[in-house]
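A short worksheet on the structure shown next.
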Amino acid sequence: MLRINEPTPLQLKFSRLLPSVVLASSSPNRKKLLESGGSTVYTFSPEADESTDNLSIEEAMVKNARVKMEAYLSSPFFRQDTVAISADTLVHLDSYLLGKPKNLEDAERILRMLSGRTQEVLTGCGLYIPDRGTEFFLDRASVVFKTLKDGEIRDYLETGEWQGAAGAYRLQKTGWKLVETISGDWTTVVGLPLERIIERITR
């Protein structure tokens with residue numbers, strides 16, 4: 001795929017719609033996605049139980065976004081007049097759910113699993129819209145990885161970008177070099193489905 005040159009038209013459209021927004025997530029990648037378009041982002045780092053026991057993948061993603069949003073809404077940091085967003089992202093490959101790698105060895109294992117394969121990235125998202133309340137939804141994107149050589153994996157791991165990233169890569173930095181194609185919204189892969197968020201806020 002081609003390098004993502006920020007800000008993209010989608011990010012600029014978002015910032016015109018929401019010049020300020022609350023992000024109920026501790027993800028610096030999500031924060032950067034919004035700030036690159038020009039939005040002022042107020043962050044809230046929720047302490048939330050993100051367990052997925054006895055839930056389908058879809059249910060788990062929406063549940064985790066809901067728990068994060070509820071933690072924000074019940075906190076003293078709640079801004080009643082400002083749109084808030086929460087999110088949770090996982091990579092699905094065959095029967096595996098790939099979250100954030102635990103360490104360098106785990107990141108290498110994940111990248112080798114993804115090499116030459118098609119993965120599904122799922123992002124559950126929560127929205128608080130003033131005078132309308134909350135809503136929750138799920139978005140998906142399909143990502144085809146290039147077949148990676150050992151040196152390419154080693155070089156990418158040395159960047160440290162795998163840390164804190166679902167699937168052990170970040171599109172916005174140099175992770176795009178690992179990807180062949182994306183079907184769907186690239187921002188869903190980053191962790192915030194901006195197209196769907198804009199649709200829901202403006203409907």
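The figures that follow rest on heavy atoms only: side chains count, while hydrogens, waters and symmetry mates do not. Numbers here are sequence positions counted from 1.
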**Study point:** Least distance between heavy atoms, T188 atom then T89 atom
**Key:** O-CG2, 4.4 Å

Point to revise | L98 to A166 - nearest heavy-atom pair and separation | key: O-CB, 4.3 Å

Check your understanding: What closest approach, in Å, do A65 and G126 show between heavy atoms, and which atom pair accounts for it?
Key -> CB-N, 3.8 Å

Point to revise | With R112 via salt bridge (Lys or Arg N to Asp or Glu O under 4.0 Å) - residues at least two apart | key: E108, D150

Check your understanding: Can you name the residues that form a ring-ring contact (aromatic ring centres under 6.0 Å, His included) with F14, not counting sequence neighbours?
Key -> none

**Study point:** From NE2 (H92) to OG1 (T118), nearest 0.5 Å
**Key:** 13.0 Å

Point to revise | CD (E158) with more than 12 external heavy atoms under 6.0 Å | key: yes

Point to revise | Flag if over 12 foreign heavy atoms under 6.0 Å of CZ, F77 | key: no

Check your understanding: In chain order, what residues pass the side-chain contact (heavy atoms from CB on, under 4.5 Å) check against T147, with sequence neighbours excluded?
Key -> S115

Practice item. Check the pair R117 / D94 against salt bridge (charged side-chain N to carboxylate O under 4.0 Å, His left out), numbers first and verdict last. Key: CA-CA 10 Å; R117 305 287 302 284; D94 298 331; 2.5 Å; yes

Exercise for review: Before giving the answer on side-chain contact (heavy atoms from CB on, under 4.5 Å), spell out for L127 and T134 the whole-Å C-alpha distance, their side-chain angles and the decisive distance to 0.1 Å.
Suggested key: CA-CA 5 Å; L127 284 178; T134 58; over 6 Å; no

Review point. How about T174 and E161: does a side-chain donor come under 3.5 Å of a side-chain acceptor?
Key: yes

Practice item. Scan for ring pair (Phe, Tyr, Trp, His ring centres under 6.0 Å) pairs involving residues 153-203, sequence neighbours excluded, and state none if there are none. Key: F145-Y169

Check your understanding: Any sub-3.5 Å donor-acceptor pair from K146's side-chain atoms to G116's backbone N or O?
Key -> no

Check your understanding: With side chains defined as the heavy atoms from C-beta onward, is the minimum distance between P193 and F137 less than 4.5 Å?
Key -> yes

Exercise for review: Apply ring-ring contact (aromatic ring centres under 6.0 Å, His included) to F78 and list each qualifying residue two or more places apart in sequence or on a separate chain.
Suggested key: Y72, Y128

Review point. Hey, quick one: are I182 and L90 part of the same hydrophobic cluster, counting side-chain heavy atoms closer than 4.5 Å, chains of contacts allowed?
Key: no

Check your understanding: Can you tell which of D185, V121, T123, L122 makes a side-chain contact (heavy atoms from CB on, under 4.5 Å) with R140?
Key -> L122

Exercise for review: Under the side-chain contact (heavy atoms from CB on, under 4.5 Å) rule, what do V179 and V144 come out as? Steps first, then yes or no, please.
Suggested key: CA-CA 6 Å; V179 173; V144 180; over 6 Å; no

Exercise for review: For Q163, enumerate each residue passing the side-chain contact (heavy atoms from CB on, under 4.5 Å) test, keeping only those at least two apart in sequence or located in another chain.
Suggested key: none

Practice item. Using the test salt bridge (Lys or Arg N to Asp or Glu O under 4.0 Å), find all partners of R3 that sit at least two apart in sequence or belong to another chain. Key: none

Check your understanding: Roughly how far, to the nearest 0.5 Å, is OG1 of T187 from CD of Q11?
Key -> 8.0 Å

Check your understanding: Side chains of M1 and L171: does their closest heavy-atom pair fall under 4.5 Å?
Key -> yes

Review point. With no hydrogens and no angle check, do the side chains of N29 and S27 hold a donor and an acceptor under 3.5 Å apart?
Key: no

Practice item. Find out whether I85 and V22 are in side-chain contact, i.e. whether some heavy atom of one side chain is under 4.5 Å from a heavy atom of the other. Key: no

Exercise for review: Considering non-hydrogen atoms only, spot the tightest contact between K68 and S86 and give its length.
Suggested key: CB-CB, 3.9 Å

Check your understanding: What residues, two or more places apart in sequence or in another chain, satisfy salt bridge (Lys or Arg N to Asp or Glu O under 4.0 Å) together with E195?
Key -> none

Review point. CD1 of I153 to CG of L148: how many Å apart, nearest 0.5 Å?
Key: 5.0 Å

Exercise for review: Check whether any side-chain N or O of S15 sits under 3.5 Å from a backbone N or O of S39 as a donor-acceptor pair, and report yes or no.
Suggested key: no

Exercise for review: Can you tell me which residue pairs pass the salt bridge (Lys or Arg N to Asp or Glu O under 4.0 Å) test with a partner in residues 4-26, sequence neighbours excluded?
Suggested key: E6-K32

Check your understanding: Is there a path of hydrophobic side-chain contacts, each under 4.5 Å between heavy atoms of I, L, V, M, F, W or Y residues, that connects L93 with L97?
Key -> no

Practice item. Is it possible for you to say whether F136 and I129 belong to one hydrophobic cluster, with membership spreading through side-chain heavy-atom contacts below 4.5 Å? Key: no

Point to revise | Heavy atoms of other groups near K173 NZ, more than 12 under 6.0 Å | key: no

**Study point:** Backbone N/O of V67 and side chain of E70: donor-acceptor pair under 3.5 Å
**Key:** no

**Study point:** Cluster overlap L10 with L12, hydrophobic side-chain contacts below 4.5 Å
**Key:** no

Practice item. Determine, step by step, whether S25 and R30 satisfy the side-chain contact (heavy atoms from CB on, under 4.5 Å) criterion, reporting the C-alpha distance in whole Å, the side-chain angles of both residues, the deciding distance to 0.1 Å, and the verdict. Key: CA-CA 8 Å; S25 167; R30 293 188 179 109; 3.0 Å; yes

Exercise for review: Could you note down all residue pairs passing salt bridge (Lys or Arg N to Asp or Glu O under 4.0 Å) where residues 95-106 supplies at least one of them, sequence neighbours left out?
Suggested key: D106-R109

Exercise for review: Give a yes or no on whether M69 and V83 share a hydrophobic cluster (residues Ile, Leu, Val, Met, Phe, Trp, Tyr; joining criterion: side-chain heavy atoms under 4.5 Å apart).
Suggested key: no

Review point. Who passes side-chain contact (heavy atoms from CB on, under 4.5 Å) against T40, sequence neighbours left out?
Key: S20, Y42

Point to revise | Between CG on residue L192 and SG on residue C125, distance to nearest 0.5 Å | key: 6.0 Å

Review point. So which heavy atom on I110 is nearest to which on A168, and how close?
Key: CG2-CB, 4.0 Å

Point to revise | Results of salt bridge (Lys or Arg N to Asp or Glu O under 4.0 Å) for E35 - residues two or more places apart only | key: K31

Point to revise | Donor-acceptor contact present, side-chain R132 to main-chain I201, <3.5 Å | key: yes

Exercise for review: Given side-chain contact (heavy atoms from CB on, under 4.5 Å), test D81 with R79 step by step and report yes or no.
Suggested key: CA-CA 6 Å; D81 59 350; R79 293 171 174 253; 4.1 Å; yes

Exercise for review: Drop me the distance from L18's CG to T82's OG1, to the nearest 0.5 angstrom.
Suggested key: 9.5 Å

Practice item. Without swapping roles, check the side chain of S36 against the backbone of L33 for a donor-acceptor pair under 3.5 Å. Key: no

Point to revise | Shortest non-hydrogen contact between A141 and V189, atoms and distance | key: CB-CG2, 3.8 Å

**Study point:** Atom pair CG (L194) and OG1 (T8), whose distance is rounded to the nearest 0.5 Å
**Key:** 7.5 Å

